[in-house]
Trainee: 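Sharing a structure, written as C-alpha cells. Questions coming.
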2 protein chains.
Amino acid sequence: MATMQQVADRAGVSIATVSFVVNGTKYVTPATTAKVTAAMRELKFRGNVVARALASRRTRIVALLFPTTGNRFSPTTSEFFMNAAERASERGYHLVLWPVDPAGDDLDDLVSGGLVDGVVLMEVRMDDPRVVKLSELGVPFTLIGRTRDAAELPYVDIDFETTIEDGLDHLQGLGHRRFGLVLENLEGTPMAGYAPHLRVEDTFRRSVVDRGCAGTVVYAGPGSEGGRDAARRLLEADPDVTAVLVMKDDSSAGLLVGLYAAGRRVPDDVSVLSIASSAAAGDQHHPRLSTMIAPGRELGVRAADALIDRLDGTSTELPHFLLPCVLRPAESVAAAPTR
Amino acid sequence: MATMQQVADRAGVSIATVSFVVNGTKYVTPATTAKVTAAMRELKFRGNVVARALASRRTRIVALLFPTTGNRFSPTTSEFFMNAAERASERGYHLVLWPVDPAGDDLDDLVSGGLVDGVVLMEVRMDDPRVVKLSELGVPFTLIGRTRDAAELPYVDIDFETTIEDGLDHLQGLGHRRFGLVLENLEGTPMAGYAPHLRVEDTFRRSVVDRGCAGTVVYAGPGSEGGRDAARRLLEADPDVTAVLVMKDDSSAGLLVGLYAAGRRVPDDVSVLSIASSAAAGDQHHPRLSTMIAPGRELGVRAADALIDRLDGTSTELPHFLLPCVLRPAESVAAAPTR
DNA sequence: ATGAAAGCGCTAACAG
DNA sequence: CTGTTAGCGCTTTCAT
C-alpha cells in the first residue's frame with residue numbers, strides 16, 4: 001500500500017507532482033511523468049480513494065437506493081441497475097446498489113461527508129420521504145420514477161399513462177369492451193403510495209370511462225395464490241370481463257390458472273396483457289403472455305446520465321424523461337439475435 | 001454540515017471529547033456527555049464518514065461483488081443480497097452491491113485506501129481470478145460459492161452434491177431410471193467455469209452411473225427458446241428419458257413446451273425437477289414445478305456473518321458452511337401464512 | 001476525566 | 001514546470 005509520498009521520494013519529485021500526473025491536473029514534462037510512472041509501477045501504487053475523497057470532496061461513487069422491503073428484485077429492476085451501472089462506469093463513476101429503509105432514515109451516514117457524490121432513487125412513491133431527506137441533505141439526486149409533483153425534480157420514468165392507453169387501444173382494437181386490472185396490494189406496507197400503481201389505476205379508471213367501457217380493479221396478494229384469488233374476485237365482480245391487464249409478474253401464473261379454473265380459456269375467452277413487465281417474464285407462460293415491456297435499459301442509462309450530467313456540470317437543464325412500455329403481442333416470434 | 005470541531009466549540013469542550021462521546025471510545029462524565037449531545041442536536045451534527053474512514057482505517061461498509069455480465073439477477077441472487085444486507089445492518093455494517101467485471105480488474109479502486117472493510121464474492125467460478133486479486137490486495141473476504149480448492153478460503157455455499165443426490169433419490173423413488181440434466185451454456189462467456197454448473201454436472205454424471213441409471217446432459221441457450229431446443233435435443237439423445245433436472249429458471253418454461261410439443265405429458269410421461277431455484281419461480285408454471293429451493297436467506301445471513309466475524313475478530317475459525325436445497329414436490333400445497 | 005497534538009493520504013492554492 | 005504547504009474532518013496516543 002504505497003503512499004503518494006513514497007512514490008514522490010522514489011521518483012525524486014514532490015508529492016504535488018505525483019498528484020498532478022495521477023490526476024492529469026496539470027501539465028508535467030514527459031520526462032518527469034515517466035519517472036513518476038515508473039516509481040508507481042515499482043511500488044504498485046494504488047492511490048487511496050478515501051484520502052482523495054476527503055481532500056477533494058468527491059468520490060466518483062453514486063448510489064442507487066433500493067428500499068429494504070420484503071420485495072424482491074424484478075427483472076426490470078435488475079435491468080435498471082445493470083444498465084445504470086454500466087453507463088456510470090463508462091463515464092468514470094462507480095454505481096453501487098445501496099439498501100436503505102423506505103423511510104430514508106439511514107440516509108444520513110450514506111451521504112454525510114460525501115461518501116457518495118449523488119444518488120438515484122428507485123421504487124418511488126407519490127409522496128416519498130426520501131426525496132425530502134435528500135433535498136435537506138443537499139445531495140444531487142435523480143429519480144427513476146416520479147413523486148406526485150415532480151415538476152421541480154429531475155426524473156426519468158415509465159410513461160404509465162401512455163402505456164395504459166396503448167394497452168387499452170390494443171385490446172379495444174381486438175374488440176374488447178370489458179376490462180379488468182390486477183394490481184399488487186401494497187396498502188399497509190411501507191411501499192404504500194407506490195407511484196406506478198396509483199398512476200396506472202387512475203389512468204385505467206378514467207380511460208375506461210372515456211371509452212364507454214367497463215373496468216374493474218382488483219388487488220392481488222402475494223404469489224401465485226394471490227393471482228388465483230384475484231381471478232376469482234375479478235370474475236365475481238364482472239363475469240363478462242374479456243380482457244385483463246396485470247401489473248404483477250409473480251401472480252400472472254396464478255391469474256391464468258384462476259381463469260382456466262373458472263372455465264375461461266386464454267386467449268380465446270379472455271385476453272391477458274402483462275404490463276410494465278419483461279420479455280423474459282412473458283415467456284415464462286404458455287401460451288406466452290402478451291406483454292408491455294418496460295424500457296429498463298433505456299431508463300437505467302438515462303438515469304445515470306441525468307445524475308452524472310449534474311455532477312459533472314455537463315448539462316444544467318432539468319431532465320424530465322418519459323418512455324412508455326412497448327407492446328409485444330403474444331403471437332410475436334422472438335426476434336433473431338442481432339449479435 | 002457541522003464539523004466535530006464546531007460541536008466541540010459549542011459545547012465548550014475539546015474535539016477529542018466529542019469524538020469520545022460519538023464513538024463511546026472512552027468514559028465521559030454524564031454532565032459533559034449531555035453538553036456534547038445537546039450541541040450535536042443543535043448543530044445537526046452528522047459526522048463525516050470519509051474523514052472517519054481516513055483516520056480510523058475502517059468504514060463499516062462491505063461490498064457484495066456482482067459480476068457485470070449480461071446475466072440478470074435471479075430470485076436467489078436477490079435473496080442473498082437482501083438477507084446479507086439485512087444481517088450486516090443488524091451488525092452495524094452497510095452492505096452494498098458492487099458491480100465488478102468478472103476478471104476483477106476494477107477491484108483496485110474499490111479496495112484501495114480501505115473504501116470497504118471487506119467483500120463477499122458471489123457467482124464464483126472454479127478458478128476465480130477475483131479471489132487471487134483479493135488475496136493480493138489483502139482485503140478480508142468470504143465467498144458465497146466455492147472455487148475448486150476452497151479449503152483455505154472462508155465460504156458458504158449450496159451443497160450441490162447433496163442436492164443432486166437428494167433429487168435423484170426422490171425421482172428414483174418414483175421409479176425413474178433414465179435422467180436428463182439441463183444446464184446453461186456458459187462456454188465462451190466470462191462466466192465459464194461457473195462452479196455450480198461443474199459440480200452439478202459432475203455429481204449427476206457420477207451418481208447416475210453409481211445408480212446404474214442412464215443420464216444425459218444438455219446445455220440450453222438463453223430464454224424460452226433455449227429450453228425448447230434443449231428439450232428437443234434431450235429427447236433426441238434419449239427418447240426414453242422420464243425425468244429431467246433443470247438448473248436454469250428462464251428456460252424451464254421452454255423445456256415444458258418442448259416436452260409437450262414432442263408428445264410427452266408432464267408429469268405423467270416425464271417428471272421435471274427444477275434445482276437451485278425458488279418457490280416463486282416454481283409457481284410460475286402450471287402445473288407447478290417440483291423444485292429444489294435454494295437456501296438463499298440462510299446463505300445470505302451466513303455469508304454476512306462469516307465476513308463480519310472476521311472483521312470484528314468475533315470468530316477466528318475458517319467458516320465452511322454447506323447447505324443443500326430442499327425439495328418441494330409439485331403436489332405440495334403452499335403452507336398457510338405463519339404470520 | 002479531558003485536552004493537545006500528531007497524523008491518516010491526498011488535493012489545490014500559491015510560489016517560484 | 002515543479003515544489004511548499006495548508007488544510008479536508010476525524011481518531012488516537014500521550015499528557016495532565
Side-chain angles (χ1 to χ4, degrees), chain A residues 1-37 39-40 43-61 108-117 137-138, chain B residues 1-37 39-40 43-61 108-117 137-138:
Chain A
M1 295 298 132
T3 78
M4 207 172 239
Q5 183 62 62
Q6 294 174 316
V7 173
D9 293 348
R10 189 95 149 87
V13 300
S14 86
I15 184 178
T17 304
V18 178
S19 175
F20 296 151
V21 352
V22 168
N23 304 295
T25 321
K26 269 182 177 160
Y27 183 86
V28 176
T29 313
T32 38
T33 301
K35 285 193 300 187
V36 171
T37 314
M40 295 200 306
L43 271 47
K44 296 191 197 306
F45 174 73
R46 306 236 177 250
N48 184 315
V49 185
V50 174
R52 179 212 292 262
L54 181 58
S56 69
R57 320 178 136 289
R58 46 184 316 177
T59 58
R60 300 193 78 83
I61 296 174
D108 300 21
D109 15 344
L110 163 56
V111 155
S112 71
L115 219 191
V116 301
D117 292 348
L137 289 167
Chain B
M1 295 299 134
T3 78
M4 205 171 241
Q5 183 61 63
Q6 295 174 315
V7 173
D9 293 347
R10 190 94 149 85
V13 300
S14 87
I15 184 178
T17 304
V18 177
S19 175
F20 296 152
V21 352
V22 167
N23 304 294
T25 320
K26 267 182 180 164
Y27 182 85
V28 176
T29 311
T32 39
T33 301
K35 286 193 300 186
V36 171
T37 315
M40 294 201 306
L43 270 48
K44 296 189 195 305
F45 174 73
R46 306 244 177 243
N48 184 315
V49 185
V50 174
R52 180 212 291 261
L54 180 58
S56 69
R57 314 171 147 293
R58 45 184 317 179
T59 57
R60 299 193 77 82
I61 296 175
D108 301 21
D109 16 344
L110 162 56
V111 155
S112 71
L115 219 191
V116 301
D117 292 347
L137 289 167

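Values below: every heavy atom of this structure, side chains too, minus hydrogens, waters and symmetry copies. In what follows, chains carry the letters A, B, and so on, assigned in the order in which the sequence lines appear, proteins first and then strands, with residues in each chain numbered from 1.
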Trainee: Looking only at the side chain of A:Lys26 (C-beta and beyond, no hydrogens), which of the listed nucleotides D:dC10, C:dT11, D:dT2 gets closest?
Mentor: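 Out of D:dC10, C:dT11, D:dT2, the nucleotide with an atom closest to A:Lys26's side chain is D:dT2.
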Trainee: At 4.0 Å (heavy atoms only), tell me whether B:Val13 reaches a base, stays on the sugar-phosphate, or touches nothing.
Mentor: sugar-phosphate
Trainee: With respect to the phosphate group of C:dC8, does any side-chain polar atom (N or O) of B:Arg57 fall under 4.0 Å of OP1 or OP2?
Mentor: no
Trainee: Check whether any side-chain heavy atom of B:Val7 lies under 4.5 Å from a side-chain heavy atom of B:Thr17, and answer yes or no.
Mentor: no
Trainee: Enter the distance from A:Arg58:CZ to A:Asp117:CG here, rounded to the nearest 0.5 Å.
Mentor: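 It comes to 5.5 Å.
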Trainee: Can you check the A:Gln5 CD to C:dG7 P distance for me, whole Å?
Mentor: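 Answer to the nearest Å: 13 Å.
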Trainee: Could you tell me the separation between the CZ atom of B:Phe20 and the C1' atom of D:dT11, rounded to a whole number of Å?
Mentor: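 The answer, rounded to whole Å, is 8 Å.
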Trainee: A side-chain contact here means heavy atoms from C-beta on lying under 4.5 Å apart; do B:Val36 and B:Val28 qualify?
Mentor: no
Trainee: Of all the nucleotides listed (D:dT12, C:dT2, D:dC10), which has the minimum atom distance to the side chain of B:Ser19?
Mentor: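 Selected nucleotide: D:dT12.
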Trainee: Determine: side-chain N/O of B:Thr17 to OP1/OP2 of C:dT2, distance under 4.0 Å, yes or no.
Mentor: no
Trainee: Without decimals, in angstroms, what is the distance between B:Gln6 CD and D:dG9 C1'?
Mentor: 10 Å
Trainee: Taking CG from A:Leu115 and P from D:dC8, how many angstroms apart are they, rounded to a whole number?
Mentor: 19 Å
Trainee: Please state whether the phosphate of D:dT11, meaning OP1 or OP2, lies under 4.0 angstrom from any side-chain nitrogen or oxygen of B:Thr25.
Mentor: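 So the side-chain polar atoms of B:Thr25 never come under 4.0 Å of the phosphate oxygens OP1 or OP2 of D:dT11.
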Trainee: It should be established whether B:Thr3 places a side-chain nitrogen or oxygen under 4.0 Å from OP1 or OP2 of nucleotide D:dC8.
Mentor: no
Trainee: Tell me whether the OP1 or OP2 atom of C:dT2 has a side-chain N or O from B:Thr29 closer than 4.0 Å.
Mentor: yes
Trainee: Taking only N and O in the side chain of B:Asn23, is any of them less than 4.0 Å away from OP1 or OP2 of D:dT11?
Mentor: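 For D:dT11, OP1/OP2 do have a side-chain N/O of B:Asn23 under 4.0 Å.
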Trainee: Tell me, do A:Asp108 and A:Leu137 make a side-chain contact under 4.5 Å, heavy atoms counted?
Mentor: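 Yes, close enough: below the 4.5 Å cut-off.
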Trainee: How do B:Ser14 and B:Ala55 order along DNA chain C: which one's closest nucleotide is nearer the 5' end?
Mentor: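 By nearest-heavy-atom nucleotide position, the 5'-most residue is B:Ser14.
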Trainee: In whole angstrom, what separates B:Ile15's CD1 from C:dA5's P?
Mentor: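 My rounded result for the distance is 13 Å.
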Trainee: Under 3.5 Å, side chain of B:Thr29 to main-chain N/O of B:Ala31, donor-acceptor pair present?
Mentor: no
Trainee: I want to verify a distance call: between D:dT4, C:dG9, C:dA5, whose nearest atom is closest to the B:Ala16 side chain?
Mentor: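 Among D:dT4, C:dG9, C:dA5, the one nearest the side chain of B:Ala16 is C:dA5.
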Trainee: Could you state the atom-to-atom distance from CG of A:Leu43 to P of C:dG9 in whole Å?
Mentor: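 After rounding, the reported distance stands at 14 Å.
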Trainee: Report the distance from atom CZ of B:Arg58 to atom P of C:dC8, rounded to the nearest whole Å.
Mentor: 19 Å
Trainee: Let me know the distance between CE of A:Met4 and C1' of C:dT11, rounded to the nearest Å.
Mentor: 8 Å
